[in-house]
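Written below as structure tokens is the structure these notes are about.
Here the structure is a predicted model, which is why all the values come from computation and not from measurement.
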Amino acid sequence: MRLLIVEDDADLRTSLAQRLRAAGFAVDEAADAAEGQYYATEFDIALAIVDLGLPDRSGTELSETLRADGRTLPILILTARDHWQDKVAGLNAGADDYVVKPFNIDELQARIQALLRRSAGHAQPVLTHGPL
Ligand code: CA
């Protein structure tokens, strides 16, 4: 299972990636929205963890772009901002969940597992061409 972390804070990104790798995930790391968009578009990413405050574009804009491109992967927004307006904007942009920093790693991991379980249930649209 391949996860993507889009986060410009290198320390946080690295420690989170290490933790998720230890939990058995393959993890790609992106330092800005452009790199994140590249990974999410070119590779089979099961879930993206996206920081809101990125150097080139906001995580909200990145989520909007991915949804506009037809990407259905679960997106978990990670941010220091805890205003309800930011949460609403993130969720309206197509994010599936929202975790405010500083976060508990066990809670984050539980939310990731929950999103993956949910997306496994209705992940691929099934196109069946049976005999008519
Ligand atoms: Ca940031």
Tell me whether [Y] is reachable from [X] by hopping between hydrophobic residues (I, L, V, M, F, W, Y) whose side-chain heavy atoms are closer than 4.5 Å.
X	Y	value
L76	V27	yes
I75	F43	yes
L116	L108	yes
M1	L4	no
V50	Y38	yes

With a 4.5 Å limit on heavy-atom distance, are the side chains of [X] and [Y] in contact?
X	Y	result
I5	L20	yes
V99	I49	no
K101	D51	yes
D8	E35	no
Y98	D86	yes

[X] and [Y]: which non-hydrogen atoms are nearest, and at how many Å?
X	Y	value
L66	A40	CD2-CB, 3.7 Å
I77	S63	CD1-OG, 3.8 Å
L73	A46	CB-O, 4.1 Å
L3	I112	CD1-CG2, 4.3 Å
T72	R67	C-NH1, 3.5 Å

Separation of [Y] [atom2] from [X] [atom1] (nearest 0.5 Å):
X	Y	atom1	atom2	result
L52	R57	CG	CZ	13.5 Å
Q113	R118	CD	CZ	12.5 Å
D106	R19	CG	CZ	5.0 Å
L91	T60	CG	OG1	9.5 Å

| For D69, does the CG atom have more than 12 heavy-atom neighbours from other residues, nucleotides or ligands under 6.0 Å away? |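 For D69, atom CG is crowded (more than 12 foreign heavy atoms under 6.0 Å).
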| field | F103, CZ atom: more than 12 neighbouring heavy atoms under 6.0 Å | value |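 Yes, the 6.0 Å shell around CZ holds more than 12 heavy atoms from other groups.
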| Ion pair check, R111 and D96, cut-off under 4.0 Å |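 The answer is no: the pair does not qualify as a salt bridge.
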| request: Using the side chain to side chain contact (heavy atoms under 4.5 Å, CB included) rule, take I105 and L16 through it: C-alpha gap first, then chi angles, then the decisive distance, then the call. | output: CA-CA 8 Å; I105 185 74; L16 185 55; 3.4 Å; yes
| query | Would a distance-only check, ignoring hydrogens and angles, find a side-chain to backbone donor-acceptor pair under 3.5 Å from T14 to D11? | reply |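 No: the side chain of T14 does not pair with the backbone of D11.
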| request: Write out all pairs satisfying salt bridge (Lys or Arg N to Asp or Glu O under 4.0 Å) with one or both partners inside residues 20-34, taking only residues at least two apart or from two chains. | output: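 Sorted result for residues 20-34: R2-D28, R13-E29, R21-E29.
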| task | For side chain to side chain contact (heavy atoms under 4.5 Å, CB included), just list the numbers for L47 and S119, CA-CA rounded to whole Å, side-chain angles, deciding distance to a tenth of an Å, and then say yes or no. | result | CA-CA 9 Å; L47 176 145; S119 77; over 6 Å; no
